Amino acid sequence: MMTGCGTALRATGTACLLAVAILLAPGGDRAAAQPLDKAAAIAMRGAPALPPGFTSLAYANPDAPKGGRLTLSLLGTFDSLNPFIVKGTSPAVLRGMVTESLMARSLDEPFTLYPLLARAVSTDETRSFVEFALDPAARFSDGSALTSADVLFSFSLMREMGRPNHRLYYGKVTKAEAPDAHTVRFTFAEPDPELPLIMGLMPVFSAQAIDRTRFEETTLTPLLGSGPYKVSQLNAGASLTLERNPDYWGRNVAFNRGLYNFDRLDFVYFRDANSEFEAFRKGLIDARFETDPGRWETAYDFPAVRSGEVVRETIPTGIPKPYSAFVFNTRRPPLDDIRVRRALIELFDFEWLDRSFYHGLYRRTGSFFEGSVLSSIGRPADGLERKLLAPFPGSVVPDVLAGTYRPPVSDGSGRDRTHLKAALDLLEQSGFVLRKGALVNAASGRPLALELMVVTRDQERLALAWQAQLKRAGITLNVRYVDAVQFDTRRQAYDFDLMPYAWSQSLSPGNEQAFYFGAAAADTPGSRNYMGAKAPAIDATIAALIAARDEAGYVAAARALDRVLISGAYAVPLFHTPGQWLARWTHIARPERASLYGTLPETWWRVPGK
């Protein structure tokens, strides 16, 4: 029925989806649940921070001047303008700038949505369904009306052809229907406190403009969106220009006031960070977020900095720090042996690397929710956590359960013998022995040799330093530098031994954790379960996280998940910065107050006359 209706929709428009509900699985009788009063916002837990009728976001300047151009840089390349499919590499900026969702997420709260394409939302106490009232003013950039037919078409499209996370989430919907041209309703297979918000973040496409038969193919033809910008120019793989839509329907929506202030956005791609920095130094790029502490400490001493034309800022954030790591692919031996993985972690000398390469500016990352209340670091497991973990004995190691775990701390010499011995003992337990300075499998005689795939020169430098540390234990680490397209292709196909990756977490983790770490995602190409984790304790704690109805249960589930992931030794934890490092030319201004996620380019503006 979905395919037939989707085909008919291109010919008959709204009538098809208004006449027939999309029945996806048994359980449609849940639609009889009565909604609460329509609300202008919805929060994962608690009440939205902003009252009905708010005028703007706290981290935006509603009086910011409009106009001018912002030029930003990106590393890598792109070969597609469709960021919603597995194939290809697409600019992430298209999401939100060009294609909008039903509601918009405030980055000043753990997980709260406010009106955008939908002006109101309804659900019931158990959240067994969600209903959205669309804004009748909503239009695509070609001026065509956005209706419930487009929403149901988009749902069907993403459920069948979208990225794995979309297929996973939308697969939990048993019924999708449109009572009228400006109302859509989704009924769930079972109550889910987060799913109404996930549906609120669904991208909406024009049913008339999408060729469903070719949606999964990479394309350099822009998607028709409803957002504030349209793609105006591109140089395939090298640059992309977005121009403000002068007829943007949502310019007066409260959430948007103070956002999207530039008439033109230019995104220039660079193959390496050094070239990217040189372009900024010469004034070809307006602002950049620095990630290299060595460059941050020593390279920003050029004339424009000394004259005050360029300013540097460290902007604090209020969310979990990204879990940056060298990820093990446990699908491959010998990395399927946790003792080998723990040995490799022992041989990463952070203290020496931080002092030698990074001017001591980094902090070691230990938790998947580092720096937040959801982290298990420094906190013994409470009764709720222990109850969650009880069915899975051995899934959490004692020091992690006790809250005393820290990543290995060396003496900073780069030749710490204590950690070397600990690593060799673990490797011996897993069947490896030293012979003539090389670590080999005692049974087969094969050397322990691994490949670490990297995509930037900074990653390569770090990898080569670790390579030297591993050599002391007789381990061969081949560092393979690849281009961005090859890296992305191999990453999505899980064709690697080790690779660098950073999981960014919010203050409200939920269903996406199954996409990151769940067993079902381990064998799904394009998921973010890069390590191939398949642990019942992980799935159980994710389920508890999603099902939690109060703050205590939610925090306990998140910390329990953190403990299981840490105990699994799925990656070599790396490090994080103390905040955002931003350098900008002073003709670009930003609000004084940043969001929990730091400052956001969509809140910036060009200073008049500069």
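All values derive from a computational prediction rather than experimental measurement.
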Exercise. Please confirm whether W503 and Y501 have ring centers closer than 6.0 angstrom.
Key: yes

Practice problem: Before accepting this row, confirm whether a basic side-chain N of the pair E370/R363 lies closer than 4.0 Å to the acidic partner's carboxylate O. | Solution: no

Self-check item: Considering all heavy atoms, the nearest F515-P164 contact
Solution: CE1-CB, 3.4 Å

Quiz item: Just checking, R244 and F262: is the charged tip under 6.0 Å from the six-membered ring centre and within 45° of the axis?
Solution: no

Quiz item: Where do Y516 and S527 land on the side chain to side chain contact (heavy atoms under 4.5 Å, CB included) test, with the steps shown first?
Solution: CA-CA 7 Å; Y516 296 170; S527 84; over 6 Å; no

Quiz item: Taking all non-hydrogen atoms of both residues, which atom of S367 and which atom of T365 are closest, and how far apart?
Solution: O-CG2, 3.6 Å

Quiz item: Below 4.0 angstrom, N of the basic side chain to O of the carboxylate: do D108 and R593 qualify?
Solution: yes

Quiz item: With a distance cut-off below 6.0 Å to the six-membered ring centre and an angular limit of 45° from the axis, does R295 pair with F277 as a cation-pi contact?
Solution: yes

Quiz item: Are Y114 and F54 close enough that their ring centres sit under 6.0 Å apart?
Solution: yes

Exercise. Find out whether R457 and Y481 are in side-chain contact, i.e. whether some heavy atom of one side chain is under 4.5 Å from a heavy atom of the other.
Key: yes

Quiz item: Pairs in or reaching into residues 594-608: which pass salt bridge (Lys or Arg N to Asp or Glu O under 4.0 Å), with residues at least two apart or in two chains?
Solution: D286-R606

Quiz item: Looking only at side chains, do D79 and T218 share a donor and an acceptor under 3.5 Å apart?
Solution: no

Practice problem: Indicate yes or no: does E276 engage R288 in a salt bridge with an N to O separation below 4.0 Å. | Solution: yes

Contacts under 3.5 angstrom, residues 88-104 side chains, donor-acceptor by atom type, not counting sequence neighbours:
unit_1, atom_1, unit_2, atom_2, d
T89, OG1, D488, OD2, 3.3
S90, OG, S80, O, 3.4
R95, NH2, L201, O, 2.5
E100, OE1, S226, OG, 2.8
E100, OE1, W249, NE1, 3.0
E100, OE2, Y248, OH, 2.4
S101, OG, M103, O, 2.6

Practice problem: Using a strict cut-off of less than 4.0 Å between a Lys/Arg side-chain nitrogen and an Asp/Glu carboxylate oxygen, indicate whether R584 and E313 qualify as a salt bridge. | Solution: yes

Quiz prompt | Pair Y530 and Y570, ring centroids less than 6.0 Å apart | solution = no

Exercise. Tell me whether the guanidinium CZ or amine NZ of R312 lies under 6.0 angstrom from the six-membered ring centre of W296 and within 45° of its axis.
Key: yes

Exercise. Return the minimal non-hydrogen interatomic distance between L374 and P509, and the atom names on each side.
Key: CD1-CD, 3.5 Å

Quiz item: So, for Y169 and E512, which heavy atoms are closest and what is the spacing to 0.1 Å?
Solution: OH-CA, 2.6 Å

Self-check item: Aromatic contact, Y358 with F575 (centres under 6.0 Å)
Solution: yes

Quiz item: If we only count heavy atoms from C-beta on, is the N61 to W605 side-chain gap below 4.5 Å?
Solution: yes

Exercise. Answer yes if the ring centres of F205 and F215 are under 6.0 angstrom apart, and no otherwise.
Key: yes

Practice problem: Look at the side chain of N256 and the backbone N and O of L259, then say whether any donor-acceptor pair between them is shorter than 3.5 Å. | Solution: no

Quiz item: Under 3.5 Å, is there a donor-acceptor pair linking the side chains of E290 and Y300?
Solution: yes

Quiz prompt | pair Y170-M199: side-chain heavy atoms closer than 4.5 Å | solution = yes

Quiz item: Quick one: does NZ or CZ of R45 land under 6.0 Å from the six-membered ring centre of F111, within 45 degrees of the ring axis?
Solution: no

Self-check item: N-O pairing of D301 and R306 below 4.0 Å
Solution: yes

